[in-house]
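A quick write-up on the structure given underneath.
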Amino acid sequence: MSKKVYIFLADGFEDIEGLTVVDLLRRAGIDIKTVSIKETTRIQTSHGITMLTDAIFSETDFADADMLVLPGGMPGTKYLAGYKPLIDLLTDFNNKGKKIAAICAAPSVFSGLGFLKGRKATSYPSFMEVLSKDGAVTSEDSVVVDGNITTSRGLGTAVDFALSLISQLENEEKAKEIAESVVYTR
């Protein structure tokens, strides 16, 4: 049975961070759905690309989710952090020890909720101080997995981030297979 992942998109999300995850997880056979936090499927990326999501948050049941993912980018990260239904869902997932992941500025959403206190985490360089002030043990590793939480640095680490998620949801062999299929060397 295929794993189920939801990635949450807001206007101003970083194109590569969001869509690399979607692309590589789909190549791995993982059922990943793009979800708009707006009342429309129409989203504009941080670089002005208009796209349609698979679903709208308010019309989606996340009971079947194996993982929730947040891409970075501005102002997308601020919109994600300010959307209470998403915050409630993330809090429920974290409290149950279910997998959540964020890249670039988006780990700041987790740190602001207290999820990273005493945990190892990473983010975009200008957000590392935010994570540290919120009690995270910061790292400059491309991808950091601490328990149920995965964090990553930014656009340049998007492939590593996606491959880590594949490895966690499927296995390392599947992640290697996908890396080879897109001519990516880790």
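Just so you know, residue 1 is the first one in the sequence shown, and it goes up from there. This is a predicted model, so every value here is computed, not measured.
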Practice prompt. Kindly indicate, with the supporting measurements, whether the criterion side-chain contact (heavy atoms from CB on, under 4.5 Å) is fulfilled by E14 and C104.
Written response: CA-CA 9 Å; E14 167 49 54; C104 191; 5.7 Å; no
Worksheet, complete the sentence: So CD1 of I103 and OG1 of T150: to nearest 0.5 Å the spacing works out to 11.0 Å
Practice prompt. Could you please spell out the steps behind the side-chain contact (heavy atoms from CB on, under 4.5 Å) verdict for L9 and M51?
Written response: CA-CA 10 Å; L9 305 180; M51 63 168 282; 3.7 Å; yes
Worksheet item: If you take all heavy atoms of R119 and G147, which pair is closest and at what distance?
Response: NH1-CA, 4.0 Å
Practice prompt. Answer yes or no: are there more than 12 heavy-atom neighbours, outside E129 itself, under 6.0 Å from its atom CD?
Written response: no
Response to the item:
Interatomic distance, CZ@F13 vs NE2@H47, rounded to 0.5 Å, equals 10.0 Å
Worksheet item: Can you find a pair of side-chain heavy atoms, one from S111 and one from V130, that are under 4.5 Å apart?
Response: yes
Response to the item:
CD1 (I16) and OG1 (T157) are apart, to the nearest 0.5 Å, by 12.0 Å
Worksheet item: Which atoms form the tightest heavy-atom contact between L163 and A179, and what is the distance?
Response: CD1-CB, 3.8 Å
Discussion item. In the structure I gave you, are the side-chain heavy atoms of K176 and S167 within less than 4.5 Å of one another anywhere?
Written reply: no
Worksheet, complete the sentence: Heavy atoms of A162 and T20 approach each other most closely as CB-O, 4.2 Å
Item to complete: Inspect the surroundings of NZ in K98 and state if more than 12 heavy atoms from other residues, nucleotides or ligands are less than 6.0 Å away.
Response: yes
Discussion item. So which atom in A10 and which in I43 form the shortest heavy-atom distance, rounded to 0.1 Å?
Written reply: O-CG2, 3.8 Å
Worksheet item: Can you get from I149 to V143 by hopping between Ile, Leu, Val, Met, Phe, Trp and Tyr side chains that sit under 4.5 Å apart?
Response: no
Item to complete: May I ask you to check whether S181 and E177 show a side-chain donor-acceptor distance below 3.5 Å?
Response: no
Fill in: Rounded distance [0.5 Å steps], CD1 in I7 versus CG in L19
7.5 Å
Worksheet item: Okay, side chain of T122, backbone of S139: is any donor-acceptor separation there less than 3.5 Å?
Response: yes
Discussion item. With clusters defined by side-chain heavy atoms of hydrophobic residues (ILVMFWY) lying less than 4.5 Å apart, directly or transitively, does V5 cluster with F161?
Written reply: yes
Worksheet item: Just wondering, more than 12 heavy atoms not from Y124 lying within 6.0 Å of its OH?
Response: no
Worksheet item: What do the steps show when you test Y6 against D54 for side chain to side chain donor-acceptor pair (under 3.5 Å), and what is the final call?
Response: CA-CA 10 Å; Y6 293 93; D54 299 315; over 6 Å; no
Return a table of donor-acceptor pairs under 3.5 angstrom between the side chains of residues 69-83 and protein atoms on other chains or two or more places apart.
unit_1	atom_1	unit_2	atom_2	d
T77	OG1	G73	O	2.9

Discussion item. Donor-acceptor pair, distance only, cut-off 3.5 Å: does the side chain of R26 make one with the backbone of I32?
Written reply: yes
Practice prompt. Mark yes when over 12 heavy atoms from residues, nucleotides or ligands other than R42 sit less than 6.0 Å from its CZ; otherwise mark no.
Written response: no
Worksheet entry | Joint cluster assignment, I166 & V182, ILVMFWY side-chain distance < 4.5 Å | yes
Discussion item. Please tell me whether V137 and L113 are part of a single hydrophobic cluster in this structure, the criterion being side-chain heavy atoms less than 4.5 Å apart.
Written reply: no
Discussion item. Grouping I, L, V, M, F, W and Y whenever their side-chain heavy atoms are under 4.5 Å apart, do L86 and V21 come out in a common cluster?
Written reply: no
Fill in: Close side-chain approach of D141 and K120, heavy atoms under 4.5 Å
yes
Response to the item:
CG of D66 to CG of L165, rounded to nearest 0.5 Å, is 12.0 Å
Worksheet item: What's the verdict on side-chain contact (heavy atoms from CB on, under 4.5 Å) for T151 and D146, showing C-alpha distance, side-chain angles and the deciding distance?
Response: CA-CA 9 Å; T151 54; D146 189 333; over 6 Å; no
Discussion item. Could you measure the distance from the CZ atom of F115 to the CG atom of D134? Nearest 0.5 Å is fine.
Written reply: 11.5 Å
Worksheet item: Is it the case that more than 12 heavy atoms not belonging to K4 sit under 6.0 Å from its NZ atom?
Response: yes
Discussion item. Could you tell me if the side chain of I56 sits less than 4.5 Å from the side chain of K38, heavy atoms only?
Written reply: no
Item to complete: Carefully, step by step, assess F62 and D92 under the rule side-chain contact (heavy atoms from CB on, under 4.5 Å).
Response: CA-CA 11 Å; F62 302 100; D92 181 59; over 6 Å; no
Worksheet item: Got a donor-acceptor contact below 3.5 angstrom from the T91 side chain to the I87 backbone?
Response: yes
Discussion item. Please give me the minimum heavy-atom distance between L24 and V159, naming the atom from each residue.
Written reply: CD1-CG1, 4.0 Å
Worksheet item: Which heavy atom of L155 sits nearest a heavy atom of E17, and at what distance?
Response: N-OE2, 3.0 Å
Worksheet item: Ignoring hydrogens and geometry, is there a side-chain-to-backbone donor-acceptor pair from S123 to A105 under 3.5 Å?
Response: no
